[in-house]
Protein chains: 2
Amino acid sequence: MDQSLIKQYLLASFPQFEARLIETLIDNAFLKEFNEGDLLMNTGQNMRFTMLVVEGLVKLYREGEDGSEFFMYYIHPGGACALSMICSTKQQTSEIKASAVDKTTVLAVPTTLMDELMKNYKTWYYFVLETYRSRFEELLVVIDHISFKAMDERLEFYLEKQHHDLNTRALMLTHSQIANDLNSSREVISRLLKKMEQQKKVILHRSYIEYLK
Amino acid sequence: MDQSLIKQYLLASFPQFEARLIETLIDNAFLKEFNEGDLLMNTGQNMRFTMLVVEGLVKLYREGEDGSEFFMYYIHPGGACALSMICSTKQQTSEIKASAVDKTTVLAVPTTLMDELMKNYKTWYYFVLETYRSRFEELLVVIDHISFKAMDERLEFYLEKQHHDLNTRALMLTHSQIANDLNSSREVISRLLKKMEQQKKVILHRSYIEYLK
DNA sequence: CCAGAATGGTGACTTGAGTCACACTGGAGC
DNA sequence: GCTCCAGTGTGACTCAAGTCACCATTCTGG
């Protein structure tokens, strides 16, 4: 049944939540599934639910005016989208998108419930603040990289991150995909990858990259 | 007296705070003054106080490894540093600095008080969330600019922001300062400013720029 | 008033990275 | 087998922006 499934998910992914909070969430939230590639959140729409990721993987990226995109970070089970945690705000400026990388399950918590949760459950408000803080810091790291680092270093960091977040050395990525994520171009990425291969940091294959270091 | 001064400041800069919250703050927080150029917050130090700006102006910037800096945004009276709102976290990665632009007064609220404030005062937790949200969005805009825009556009945006935030057309900035804030070099900024002058968007003077558009 | 510092202007050069054009290759599907 | 196409490799070119060198102007402190 759905209720007990929610409980299982919460216990597994959000072990820090207090028992009463879990009960409240079971009574008020519902599960939602997304397939690979589905959009969880689109630009500027008013959020009526806070989404807690309980299974799968979500990719957050920024969309430029011309359609080019820019990878920011992944959200793993146990995380939530910071932006989805605010009850009904304008959000006109920020063009941000979230899409499922794998088959993903999220727990949708109505934003109308936020006041009560914040007030009554310490573990909830810790979670909200911690979510904001960590996303904030990730953005700072992103800013660091694009403003202070050159492409080769950014590429290495990107691959390291992929390796770490996806927990595999076999990175299923084409050069164009990487170029998109880093807002660069395929040729540039190809050349840099070639260099990295010579430095024995990766081995290149068709449609995937073996991460060594 | 200090107590009534705090009250005045709070009423002026944080009119949304409920009366009981203001009383609590009066009893537990204290004012702190900074002179122009003083550092309010340094890299990675554990924050023991949340700082609410009640007078003056605070500049937030990111420090690169080599000492170069990168302007992010201003905090006006009525605002607070999002990062200072988290009770004692690691914060090892983020090298972020806050310095006073003018003579600035802040209200220092002990972070040990956060739990109680969040729980008991709805206007407080709205404020905290709103602070996070708005800073987050500002960072997104920053990312947009450095990843999608060229220097000329970034410069125009920067000047527009200065004009808007400092509320004056007489921008007291040298070319080197601007270059620092944008993580560029003086010569580049000089040339671009020259172009903008030809386009009648600014008039250049020694040590200050008249913003026209 | 003078020396030195701060500020700004400019030409010449270098470089990282984006673009264009085109060639090669391995796999999927017929 | 063959075709087509996504994925990749590479040289040549362009351009924005950073760097270097040097000079001119204004300001400031003794």
Side-chain angles (χ1 to χ4, degrees), chain A residues 36-37 64-71 142-159 162 170-199 201-211, chain B residues 36-37 64-71 142-159 162 170-199 201-211:
Chain A
E36 191 180 328
E65 288 149 11
D66 52 348
S68 60
E69 51 186 60
F70 186 90
F71 170 73
V142 169
I143 288 182
D144 251 21
H145 276 80
I146 49 187
S147 64
F148 295 132
K149 314 284 188 186
M151 212 56 208
D152 54 350
E153 212 173 329
R154 286 178 56 201
L155 177 58
E156 292 197 23
F157 181 81
Y158 173 84
L159 294 178
Q162 294 287 323
L171 311 178
M172 305 307 290
L173 296 163
T174 70
H175 299 184
S176 327
Q177 275 176 272
I178 299 176
N180 258 322
D181 282 355
L182 295 177
N183 195 41
S184 175
S185 70
R186 183 190 61 80
E187 295 93 320
V188 173
I189 299 300
S190 275
R191 281 188 256 261
L192 292 175
L193 281 173
K194 213 63 202 165
K195 248 191 236 167
M196 285 182 69
E197 190 173 38
Q198 283 159 15
Q199 293 164 8
K201 291 176 178 170
V202 294
I203 299 174
L204 302 180
H205 304 268
R206 190 183 177 80
S207 299
Y208 85 97
I209 295 169
E210 218 178 313
Y211 185 74
Chain B
E36 191 182 327
E65 286 150 9
D66 53 349
S68 59
E69 51 187 61
F70 186 89
F71 170 72
V142 168
I143 288 182
D144 251 20
H145 276 82
I146 50 187
S147 63
F148 296 131
K149 315 283 187 185
M151 211 57 210
D152 55 350
E153 212 173 329
R154 287 178 56 201
L155 177 58
E156 291 196 27
F157 181 80
Y158 172 84
L159 294 178
Q162 294 288 323
L171 312 178
M172 305 305 291
L173 297 163
T174 69
H175 298 185
S176 326
Q177 275 175 274
I178 299 176
N180 258 322
D181 282 356
L182 294 178
N183 196 41
S184 174
S185 70
R186 182 188 61 79
E187 295 93 320
V188 173
I189 299 299
S190 276
R191 281 188 255 261
L192 291 175
L193 281 173
K194 213 69 201 161
K195 248 191 238 166
M196 285 183 70
E197 190 173 38
Q198 283 160 16
Q199 293 164 8
K201 291 177 178 170
V202 294
I203 299 174
L204 303 180
H205 304 267
R206 188 182 178 81
S207 299
Y208 86 96
I209 295 169
E210 219 178 313
Y211 186 73

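Here is how names work: the chains are called A, B, and so on, in the same order as the sequence lines, proteins then strands, and each is numbered from 1. When reading the values below, keep in mind they use all heavy atoms of this one structure, side chains included, and skip hydrogens, waters and symmetry mates.
- Ranking dG16(C), dG18(C), dA17(D) by closeness to the Ala150(A) side chain, first place goes to dG16(C).
- With the end axes of the helix from dC1(C)-dG30(D) to dC30(C)-dG1(D) each set by five pairs, the angle from one to the other reads 30° at 10° resolution.
- Backbone-only engagement by Ser207(B) is indicated by non-hydrogen atom pairs under 4.0 Å involving sugar-phosphate atoms exclusively.
- In this structure, His205(B) atom NE2 and dC27(D) atom C1' are separated by 17 Å, rounded to whole Å.
- The separation between Asn180(A) atom CG and dG18(C) atom P is 12 Å, rounded to whole Å.
- Considering only residues two or more places apart in sequence or on other chains, Ser184(A) meets the side-chain hydrogen bond (donor to acceptor under 3.5 Å, both in side chains) condition with none of them.
- When the P atom of dA16(D) is taken as reference, atom NZ of Lys149(B) falls 17 Å away, rounded to whole Å.
- One interatomic measurement links the two molecules: CD1 of Ile203(B) to C1' of dG8(C), which rounds to 17 Å at whole-angstrom precision.
- Residues Ser176(A) and Arg206(B) each lie close to DNA chain D; by heavy-atom proximity, the contact nearer the 5' end of the strand is made by Ser176(A).
- If you measure from atom CG of Asp152(B) to atom C1' of dG18(D), you get 15 Å, rounded to the nearest angstrom.
- Note: His175(A) NE2 to Leu155(A) CG = 9.5 Å, rounded to the nearest 0.5 Å.
- Of all heavy-atom pairs spanning Met172(A) and Gln177(A), the tightest one is O-OE1, 4.2 Å.
- Using a 4.0 Å heavy-atom cutoff across all strands shown, Thr174(A) reaches sugar-phosphate atoms only and no base atom.
- Taking every side-chain heavy atom of Leu204(A) into account, dG9(D) is the closest of dG9(D), dG7(D), dA6(C).
- Listed pair Ser184(A) / dG18(C) meets the phosphate criterion, a side-chain N or O lying under 4.0 Å from OP1 or OP2.
- The interatomic distance linking His175(B) (NE2) with dG18(D) (P) rounds to 16 Å, in whole Å.
- Rounded to a whole Å, the CD atom of Glu187(A) is 15 Å from the C1' atom of dA6(D).
- Donor-acceptor pairing under 3.5 Å, judged by distance alone, is present between the side chain of Arg191(A) and the base of dG11(D).
- In this entry the distance linking CE of Met151(A) with C1' of dA17(D) reads 17 Å, nearest Å.
- Listed candidates were dA17(D), dA21(C), dG9(C). Nearest to the side chain of Lys194(B) is dG9(C).
- Not a single donor-acceptor pair, N or O on each side, falls under 3.5 Å between the base of dG18(D) and the side chain of Arg186(B).
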